Amino acid sequence: QVQLVESGGGLVQAGGSLRLSCAASGSIFNIVRMGWYHQAPGKQRELVATITSGGSRNYADSVKGRFTISRDNAKNTVYLQMNSLKPEDTAVYYCHAGLTPRGDYWGQGTQVTVSS
């Protein structure tokens with residue numbers, strides 16, 4: 001089993017920054033990809049950013065140039081640095097871990113609210 005705990009959400013004004021953290025514990029050795037998804041009110045959950053075990057990163061078009069996903073292997077933690085935040089970034093942000101040969105784990109989510 002893998003446990004994921006998110007932190008770092010909060011209320012920020014437009015143009016501000018937040019850094020989200022996701023700490024993984026348990027059977028973490030077979031995690032091949034981690035990522036962040038968000039879900040805004042009335043909308044589907046969608047991918048924000050991912051990072052593979054090899055360090056390859058992918059971003060949603062809406063956050064390219066503003067968000068950065070990174071990892072600290074020593075701490076088993078992934079981060080999402082969010083800069084130049086916009087009101088449309090307001091959502092619950094969920095951490096996700098993909099395991100080999102199969103497995104999907106989700107955190108409980110952390111609320112990000114961006115005021116205009």
Side-chain angles (χ1 to χ4, degrees):
Q1 293 184 325
V2 173
Q3 295 81 44
L4 304 173
V5 179
E6 304 105 327
S7 62
L11 175 64
V12 65
Q13 290 184 308
S17 298
L18 286 172
R19 187 179 69 171
L20 307 183
S21 299
C22 175
S25 62
S27 300
I28 63 174
F29 305 105
N30 291 328
I31 295 176
V32 297
R33 187 176 73 168
M34 298 192 70
W36 291 94
Y37 293 69
H38 69 189
Q39 186 168 17
K43 294 189 176 182
Q44 300 181 56
R45 189 175 300 185
E46 60 184 13
L47 187 147
V48 176
T50 62
I51 185 166
T52 69
S53 59
S56 180
R57 296 171 172 87
N58 284 288
Y59 298 94
D61 288 341
S62 62
V63 306
K64 286 181 179 178
R66 299 189 298 122
F67 292 8
T68 302
I69 188 169
S70 61
R71 66 184 182 188
D72 185 336
N73 291 330
K75 297 181 179 179
N76 298 317
T77 300
V78 297
Y79 304 93
L80 185 68
Q81 178 66 47
M82 304 185 293
N83 297 326
S84 301
L85 282 162
K86 304 174 181 179
E88 49 263 45
D89 296 319
T90 295
V92 177
Y93 284 72
Y94 297 91
C95 183
H96 173 263
L99 278 66
T100 184
R102 63 179 296 179
D104 290 282
Y105 294 89
W106 294 90
Q108 292 297 313
T110 185
Q111 177 71 48
V112 171
T113 302
V114 184
S115 62
S116 60

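Computed from a predicted structure; not experimentally measured.
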**Prompt:** Is there side-chain contact between Glu46 and His38, with heavy atoms separated by less than 4.5 Å?
**Reply:** yes
**Request:** Could you tell me whether the side chain of Arg33 and the main chain of His96 form a donor-acceptor pair under 3.5 Å?
**Result:** no
**Prompt:** How many angstroms lie between atom CD of Gln3 and atom OG of Ser27, to the nearest 0.5 angstrom?
**Reply:** 8.0 Å
**Request:** Using distance alone, with no hydrogens and no angle criterion, decide if Asn83 and Ser17 have a side-chain donor and acceptor under 3.5 Å apart.
**Result:** yes
**Message:** Are there over 12 heavy-atom neighbours, none belonging to Gln108, within less than 6.0 Å of that residue's CD?
**Reply:** no
**Request:** Using modelled atom types only, decide if a donor and an acceptor are shared between the side chain of Glu6 and the backbone of Gly109 within a distance under 3.5 Å.
**Result:** yes
**Prompt:** Under the 3.5 angstrom rule, does the side chain of Arg45 hit a backbone N or O of Val92 as a donor-acceptor pair?
**Reply:** no
**Item:** Single-linkage hydrophobic cluster Val63~Leu18, side-chain heavy atoms < 4.5 angstrom
**Value:** yes
**Item:** Test: Lys86 and Asp89 ion pair at under 4.0 Å
**Value:** no
**Message:** Contact between Trp36 and Cys95 at the side-chain level, heavy atoms closer than 4.5 Å - yes or no?
**Reply:** yes
**Request:** Would you check if Ser115 and Gln13 make a side-chain contact, meaning some heavy-atom pair closer than 4.5 Å?
**Result:** yes
**Message:** Please say yes or no: joined through hydrophobic side-chain contacts below 4.5 Å, possibly via intermediate residues, are Val48 and Tyr59 part of one cluster?
**Reply:** yes
**Prompt:** At their closest point, which heavy atom of Gln39 faces which heavy atom of Ala91, and how far apart are they?
**Reply:** O-CB, 3.4 Å
**Prompt:** Does one hydrophobic cluster hold both Met82 and Tyr79, with members joined at side-chain heavy-atom distances below 4.5 Å?
**Reply:** no
**Asked** Would a distance-only check, ignoring hydrogens and angles, find a side-chain to backbone donor-acceptor pair under 3.5 Å from Arg57 to Ile69?
**Response** yes
**Prompt:** What class does the angle between the rings of Phe67 and Tyr93 fall in, given that below 30° is parallel, 30 to 60° is tilted and above 60° is perpendicular?
**Reply:** tilted
**Request:** Determine, using the 4.5 Å side-chain heavy-atom cutoff (strictly less than), whether Tyr94 and Met34 are members of one ILVMFWY cluster.
**Result:** no
**Prompt:** Does Ile31 belong to the same Ile/Leu/Val/Met/Phe/Trp/Tyr cluster as Val5, with side-chain heavy atoms less than 4.5 Å apart forming each link?
**Reply:** no
**Item:** Heavy-atom check, side chain of Thr90 versus side chain of Gln111, under 4.5 Å
**Value:** yes
